[in-house]
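This report refers to the structure that appears directly beneath it.
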There are 2 protein chains.
Amino acid sequence: MEEALFNFISNYISLSNEEKEAILDLDIFRQVSKGTVLLKEGQKSNEGYFVLQGCIRTYYIIEGEEKTTAFYTEMEGTTPHCVLNNKPSEYYIAATEDSLITISNANMEAEIFQKFPKFETLCRILSEELLAKEQINFNDFKTSSPEKRYINLLEKRPDLLQRVPQHQLASYLGIKPQSLSRLRTRITKNNKS
Amino acid sequence: MEEALFNFISNYISLSNEEKEAILDLDIFRQVSKGTVLLKEGQKSNEGYFVLQGCIRTYYIIEGEEKTTAFYTEMEGTTPHCVLNNKPSEYYIAATEDSLITISNANMEAEIFQKFPKFETLCRILSEELLAKEQINFNDFKTSSPEKRYINLLEKRPDLLQRVPQHQLASYLGIKPQSLSRLRTRITKNNKS
DNA sequence: TTCTCTTCTTAACTTAGGTGAACGCTTTTA
DNA sequence: TAAAAGCGTTCACCTAAGTTAAGAAGAGAA
């Protein structure tokens with residue numbers, strides 16, 4: 001399974017065996033089961049998460065309602081905001097499936113950047129790339145109606161529709177579960193007629 | 001004016017005079033006047049923009065309509081998506097005010113990272129920070145109604161309401177200009193009664 | 001099994017944003 | 001200077017999402 005990570009990294013930089021060892025030595029691989037909460041609102045943390053297998057999500061609880069804002073699946077990951085600003089987290093992170101993830105932390109990063117500057121290059125590229133993706137996602141969201149967003153999702157991440165509960169998907173699309181349900185019947189009816 | 005940039009950078013790393021010189025030698029400072037289009041849809045580019053004074057925005061033209069998705073003001077900046085994926089740009093970037101900005105390019109970056117690895121650290125930190133901010137913005141947007149978004153904007157970036165045309169603000173909030181206008185009168189009426 | 005909790009769906013009603021059109025006002029352009 | 005274009009606002013009507021409530025299906029626990 002660690003191979004998946006090295007494969008992913010090899011898209012960006014090449015790793016010597018020594019460097020691979022250094023990563024394995026960090027002991028960052030964790031198996032988490034469905035429903036496990038990795039980060040809670042109000043909690044401070046300096047951990048970053050990267051999904052090798054499975055799915056995790058971030059969500060807020062606003063006026064008693066869960067609002068899912070992101071899903072991370074294979075070869076995706078996130079460093080929570082609270083790690084960067086060192087304030088209590090405003091949101092939760094939990095596994096929506098049994099998952100294999102890496103959990104890294106800020107100190108460990110500093111150390112390895114020193115030993116292998118190459119890793120800093122990797123992290124810079126990854127976060128620039130992520131930033132660009134995030135901006136495109138945001139742009140798409142802003143410039144689309146809920147219905148278009150759903151259709152977009154059908155095209156771009158069809159797996160999510162299968163592996164994730166509808167009510168989580170709904171808030172991810174910025175609407176209520178009832179509206180998502182209605183929207184889906186509206187679309188299938190129109191396609192038939 | 002260059003001082004503003006060095007001040008900003010000093011929040012993250014300290015620069016020697018030699019390093020400051022290296023930046024100045026890059027000759028990246030540009031004065032652009034209101035309306036100047038920096039990047040067009042369909043165009044390839046490897047330039048990044050950073051605002052020292054003024055305001056630039058990114059916008060799409062979708063079915064003949066401008067959709068503004070971001071504003072960048074003092075000490076904010078962006079590397080367009082097309083620079084990172086090396087494909088034609090999907091959106092425009094233009095100055096909404098007479099502005100003083102830096103225009104850097106990818107080659108120049110590679111060169112300076114080599115000479116001064118410190119700059120790569122700076123760029124990694126900046127883009128991680130930006131990514132986190134972008135995610136928070138996205139989360140706020142997803143979990144709010146247009147009205148709440150407007151009220152949020154009133155609190156967080158009141159300057160924008162003053163310096164930017166209403167119709168650009170409207171699409172930035174994900175609604176039509178007419179709706180923004182209605183929404184504003186609704187809010188002020190409710191506050192009075 | 002039975003009970004409970006969660007998830008998803010449907011329905012009726014309300015509300016807010018979209019649409020198309022019109023009107024002043026300002027800015028640009030001819 | 002006159003005409004045109006752009007911008008912000010208002011209105012009436014339409015449409016889709018929010019709200020509240022109810023019920024069916026499935027999962028998990030006692």
With side chain to side chain contact (heavy atoms under 4.5 Å, CB included) as the test, would you mind laying out the steps for Tyr172(B) and Lys67(B) before giving the verdict?
CA-CA 7 Å; Tyr172(B) 181 68; Lys67(B) 307 246 187 184; over 6 Å; no
Indicate the ring-plane relationship of Tyr91(B) and Tyr60(B), choosing parallel, tilted or perpendicular according to the 30° and 60° boundaries.
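Correct class here is tilted.
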Just say parallel, tilted or perpendicular for the rings of Tyr59(A) and Tyr92(A), cut-offs at 30° and 60°.
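Taking Tyr92(A) first and then Tyr59(A), their aromatic rings lie parallel (interplane angle under 30°).
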Residue pair Ser104(B) / Glu109(B): nearest heavy atoms and the distance that separates them
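Smallest interatomic distance, heavy atoms only, reads OG-OE2, 4.4 Å.
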Are Tyr49(A) and Tyr72(A) an aromatic pair by the rule of ring centers under 6.0 Å?
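No, the ring centres sit 6.0 Å or more apart.
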Atom [atom1] of [X] to atom [atom2] of [N]: distance rounded to whole Å?
X: Glu66(B); N: dC7(D); atom1: CD; atom2: C1'; answer: 12 Å
X: Arg184(A); N: dA17(D); atom1: CZ; atom2: C1'; answer: 17 Å
X: Glu63(A); N: dG18(D); atom1: CD; atom2: P; answer: 14 Å
X: Gln162(B); N: dG8(D); atom1: CD; atom2: C1'; answer: 15 Å
X: Leu169(A); N: dT9(C); atom1: CG; atom2: P; answer: 11 Å

Base versus backbone protein contacts along nucleotides 10-30 of chain C [heavy-atom cut-off under 4.0 Å; B, S, -]
B-----SBBBB----------
With a cut-off of 6.0 Å (strictly less than), are more than 12 heavy atoms of other residues, nucleotides or ligands near NZ of Lys118(B)?
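Atom NZ in Lys118(B) is packed in, count exceeds 12.
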Examine dC8(C): is either OP1 or OP2 under 4.0 Å from a nitrogen or oxygen in the side chain of His167(A)? Give yes or no.
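Checking His167(A) against dC8(C): at least one side-chain N or O falls below 4.0 Å of OP1 or OP2.
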